[in-house]
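Below is one structure, written out as structure tokens, with a few remarks after it.
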Amino acid sequence: MTSQQHLRTFLEPFLSTSTANALLTTAQAKQLHCQLLRRHGHLPVPAVLLSWKLLIRSYTSHDLFSVSLSCFVQMRRFVEHFNHFVFPSVVKSCAWWMDVGLGECVHGCVVKVGLEGDLYVGNALLSMYSKFGVLCGGGARQSNNASVGMDAELGLRRHVAHVVREKSGAISPSAEEGGRSDESNASLGLNSYEVGRSGKERKIVRSIGTSWFMKRERGNVVGNSVRKIFDVMPARDLVSWNTVIAGNVQSGMYDEALVMVRKMGLENIRPDAFTLSSMLPMCAEYADVVKAKEVHGYAVRHGIHDNVVIGSSLIDVYAKCTRIQDFFSVFNGLPRRDGITWNSMIAACVQNGLSNEGFEFFRCMVKDNLKPGPLSFSSIIPACSHLTSLIFGKQLHGYIVRTGLRDNVFIASSLVDMYAKCGKIEIAKSIFSNMKQHDLVSWTAIIMGCALHGQALDALKLFNEMEVSGVRPSYVSFIAILTACSHSGLVEEARKYYDRMIQEFGITPGVEHYAAMADLLGRAGRLEEAYDFICKMPAEPPGSLWSALLNACRIHKNVELAEKVSDRILAVDPENIGAYIIMSNIYSGARQYKEAATMRVSLRKRGFTKKPACSWIEVRNKLYSFFSGDKSHQSYEKISKALKVLYAQMEKIGYKPDTNEVFQDIEEEQKKELLLNHSERLAIGFGIISTPPGTTIRVIKNIRICMDCHTAIKYMCSIVAREIVIRDNSRFHHFKNGACSCGDYW
DNA sequence: CTAGGGTTAG
């Protein structure tokens with residue numbers, strides 16, 4: 001038999017078609033692997049070479065990177081000279097393990113065999129060192145000494161541990177073959193694994209390192225390696241360019257990436273789908289619509305706009321640029337969708353406030369027989385927070401626990417936020433404390449949760465713990481802690497944090513920080529101070545900032561300052577409806593009914609009408625909404641009757657309606673009537689008559705609850721012996737035993 | 001041998 005025939009006979013069972021680019025299934029590979037080891041000495045060299053190559057490539061393409069690597073090691077025990085086609089796969093496996101030491105060994109081997117000029121091998125090495133660059137700190141490019149200087153032996157041991165884990169998980173060759181697992185392990189040569197025999201290859205890399213690309217000072221190891229390999233490559237193709245560009249993007253070196261794209265054009269190499277899909281995330285990060293449109297246009301002109309990867313990236317960029325129309329049309333134009341496309345779409349909707357659409361896409365994804373992954377969950381849960389839909393949130397939480405995803409930091413953080421926003425601060429806290437690792441976002445989420453629930457002391461404690469644990473507070477963390485102080489009137493604490501933010505952390509305060517401070521000072525009655533504080537803002541303060549102060553003027557009945565403030569609001573934002581309404585209310589509160597009327601008239605002239613306040617409540621998984629004074633509600637009669645009985649009892653124990661906050665020039669009796677029909681009372685009334693005793697009643701109100709309602713609810717809950725949780729647009733109020741968690745701090 | 005998506009924001 002000739003060696004060609006021999007080769008055919010041996011490989012026949014494993015290959016259905018041509019041998020050139022074929023890949024084996026995992027099972028086939030395992031079989032071939034065992035036979036190869038058994039009959040190695042009896043096979044002709046070409047058959048052996050082809051088999052090893054086939055095995056290594058197949059293992060790699062099935063993500064069995066460790067098996068692929070140990071295969072390489074085994075091969076080197078038997079074969080002196082080998083085909084260069086094995087290297088790309090081997091290098092890819094090293095990259096996947098982020099094993100720098102191992103990668104260097106293999107690189108040394110490449111050099112020793114004299115294959116460093118090969119295009120494919122070179123591209124694979126480029127890609128590998130790019131990935132290591134991300135490991136070494138990306139843009140900062142700090143050296144990760146543990147990995148860079150890692151001993152080959154250490155890499156080896158770590159590797160073997162990985163192999164064992166990989167084997168016990170995804171694949172089980174012994175089970176598929178019905179063989180014994182011991183033998184299978186032995187046949188895979190796991191116990192005799194060694195790459196850099198006597199460290200020889202490593203030395204080669206080291207010695208060429210100084211002159212070639214291995215400058216390891218200042219941690220520039222990887223950036224330089226990639227650069228150098230690229231520069232000295234005898235031949236470069238589109239893949240080489242794409243790899244380097246992607247590497248730059250992933251390390252946050254956007255300018256370098258753009259320069260490369262331009263250079264590439266100068267060398268007459270046309271960007272393709274891979275190039276574009278590396279460029280789009282840059283546009284996304286800078287929310288640069290102009291550049292995104294440019295790339296999109298290029299894709300259309302070159303007929304690659306319906307590529308799934310480009311499609312997903314385009315959806316993402318347009319989402320980050322709040323171009324809702326654009327990302328919908330990209331999505332609708334895609335001929336094919338994969339898991340990532342759906343995730344991008346879910347995230348795109350949720351990030352742009354389209355929570356219901358987000359849910360719709362989530363459901364479509366499941367209907368499309370795609371399993372939602374960790375990214376799907378961390379994208380959709382914020383939609384529950386936004387809709388305050390505890391029921392959806394709980395369902396998702398259950399699913400997450402069942403799929404074993406609860407330890408994902410992204411998901412856990414979004415769950416913490418969701419439970420806090422849905423009024424379940426205790427659950428939020430317990431999820432938080434059960435997290436194995438806390439990062440900046442999860443700390444911030446729980447601090448914000450405490451802030452929303454008026455638990456300022458817990459917020460302060462957590463902020464301190466965060467600092468102790470070495471997490472550096474960010475812009476957002478300070479918004480959270482200032483909000484916490486603001487909701488509990490901790491003026492001095494807030495000032496302390498505000499100053500620390502600027503001096504210690506070098507964070508420039510933004511509108512949100514000013515707003516929190518202004519709100520705090522205003523509520524504490526230090527109106528002039530708040531006014532001065534806002535005036536100190538370097539840029540022209542936006543209307544929203546003044547609105548907080550205007551609201552404080554209303555609470556503290558300071559007409560004079562209110563006029564000053566509203567003038568400033570209308571100067572920057574003449575369309576600010578809220579300002580007219582609050583002003584009108586402030587005037588009527590001061591019995592200046594003429595001025596109040598003027599305000600309302602100018603509102604009407606502009607064609608604005610006041611939207612009635614709305615509250616909603618979830619009962620038995622259904623959402624009910626109530627408008628103030630809406631007598632047409634299906635249950636209005638029943639609710640009204642129940643509330644009347646309740647009010648009678650409340651008055652007996654001391655409730656007196658306080659009509660001060662009814663800002664209309666009408667009779668006292670009418671004022672009382674209006675108060676009694678506030679939307680949250682209707683909602684609570686509905687909650688009382690439609691849920692069993694002992695149930696907590698949760699109501700969301702879209703505007704701030706007034707003082708009289710606050711007082712009334714305290715009486716209510718003490719009579720019906722229920723817990724009542726209300727969220728108005730800034731915070732949660734927990735009513736229990738006739739008291740409120742906010743301590744009546746306004 | 002090269003590519004895309006996620007959490008916190010009074």
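Below, chain A is the first sequence line, B the second, and so on; all start at residue 1.
Within 4.0 Å (heavy atoms only), A:Asp316 reaches sugar-phosphate atoms of the nucleic acid but no base atom. Using a 4.0 Å heavy-atom distance criterion, A:Ala515 is classed as making no nucleic acid contact. Heavy atoms of A:Ser486 sit nowhere under 4.0 angstrom from any nucleic acid atom. Counting non-hydrogen atoms under 4.0 angstrom, A:Ser313 reaches the backbone sugars and phosphates but no base. Within the 4.0 angstrom heavy-atom criterion, no nucleotide atom of any strand lies near A:Val244. Residue A:Ser240 is classed as having no contact, given no heavy-atom separation below 4.0 Å to the nucleic acid. Here A:Val121 lies out of heavy-atom contact (under 4.0 Å) with every strand.
At a cut-off of 3.5 angstrom, counting only N and O atoms as typed in the model, there is a donor on one side and an acceptor on the other between the side-chain of A:Ser312 and the base of B:dG4. Within 3.5 Å, a donor on the side chain of A:Asn408 pairs with an acceptor on the base of B:dG6, or the reverse. Judged by distance alone, with hydrogens and angles left aside, A:Ser278 brings no side-chain donor or acceptor close enough to the base of B:dA3 to form a pair under 3.5 Å. For B:dT2, its base never sits under 3.5 Å from the side chain of A:Thr243 at any donor and acceptor pair.
In this structure, A:Asp306 places its CG atom 16 Å from C1' of B:dA3, rounding to the nearest Å. At whole-Å resolution of the value, CZ in A:Arg336 and P in B:dG4 are 16 Å apart. Rounded to an integer number of Å, the gap from A:His513 NE2 to B:dT8 P is 16 Å. Protein atom CH2 of A:Trp241 is 17 Å distant from nucleotide atom C1' of B:dA3, rounded to whole Å. Protein atom CZ of A:Phe87 is 16 Å distant from nucleotide atom P of B:dT2, rounded to whole Å. Put simply, NE2 on A:His438 is 19 Å from P on B:dT7, counting in whole angstrom units. Rounded to whole Å, the distance from NE2 on A:His397 to P on B:dT7 is 18 Å. When rounded to the nearest whole Å, the span between CD of A:Glu116 and P of B:dC1 equals 20 Å.
Considering only residues two or more places apart in sequence or on other chains, A:Ser355 meets the side chain to side chain donor-acceptor pair (under 3.5 Å) condition with A:His386. For A:Ala524, the side chain to side chain contact (heavy atoms under 4.5 Å, CB included) partners at least two apart in sequence or on another chain are A:Val491, A:Arg526, A:Tyr745. For A:Ser376, the side chain to side chain donor-acceptor pair (under 3.5 Å) criterion is met by A:Asn343, not counting sequence neighbours. Shown here are the side chain to side chain donor-acceptor pair (under 3.5 Å) partners of A:Tyr399, two or more places apart in sequence or in another chain: there are none.
Listed candidates were B:dT2, B:dT8, B:dA3. Nearest to the side chain of A:Val441 is B:dT8. Nearest to the side-chain atoms of A:Ala273 among the listed nucleotides B:dT7, B:dA3, B:dA9 stands B:dA3. Looking at the side chain of A:Val309, the nearest of the listed nucleotides B:dT2, B:dT8, B:dA3 is B:dA3. Side-chain proximity of A:Thr444 to the nucleotides B:dG4, B:dT8, B:dC1 is greatest for B:dT8. When each of B:dA3, B:dT7, B:dC1 is scored by its nearest atom to the side-chain atoms of A:Ala124, the top-ranked nucleotide is B:dC1.
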Side chains of residues 309-320 of chain A: which donor-acceptor partners sit under 3.5 Å, not counting sequence neighbours?
residue, atom, partner, partner atom, Å
A:Ser312, OG, A:Val308, O, 2.8
A:Ser313, OG, A:Val309, O, 3.1
A:Asp316, OD1, A:Lys320, NZ, 2.6
A:Asp316, OD2, A:Lys320, NZ, 3.2
A:Tyr318, OH, A:His296, ND1, 2.8

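In this pair, A:Phe274 lays its aromatic ring flat on the base of B:dT2, centres within 5.5 Å and planes under 30 degrees apart.
For the contact set between residues 377-389 of chain A and DNA chain B, defined by any heavy atom under 4.0 Å, the members are A:Ser378, A:Ser379, A:Pro382.
A sub-4.0 Å separation between OP1 or OP2 of B:dT2 and a side-chain N or O of A:Ser277 is absent. Side-chain nitrogen and oxygen atoms of A:Lys421 include none within less than 4.0 Å of the OP1 or OP2 phosphate oxygen of B:dT7.
With contacts defined as side-chain heavy-atom distances shorter than 4.5 Å, the pair A:Glu285/A:Met282 does not qualify. At a threshold of 4.5 Å between non-hydrogen side-chain atoms, the residues A:Thr341 and A:Arg336 do not count as touching.
Looking at A:Asp519, A:Ile582, A:Val565, A:Asn576 one by one, the single match for side-chain contact (heavy atoms from CB on, under 4.5 Å) with A:Ser547 turns out to be A:Asn576.
The main-chain N or O of A:Met365 is never found under 3.5 Å from a side-chain atom of A:Arg337 such that the two would form a donor-acceptor pair.
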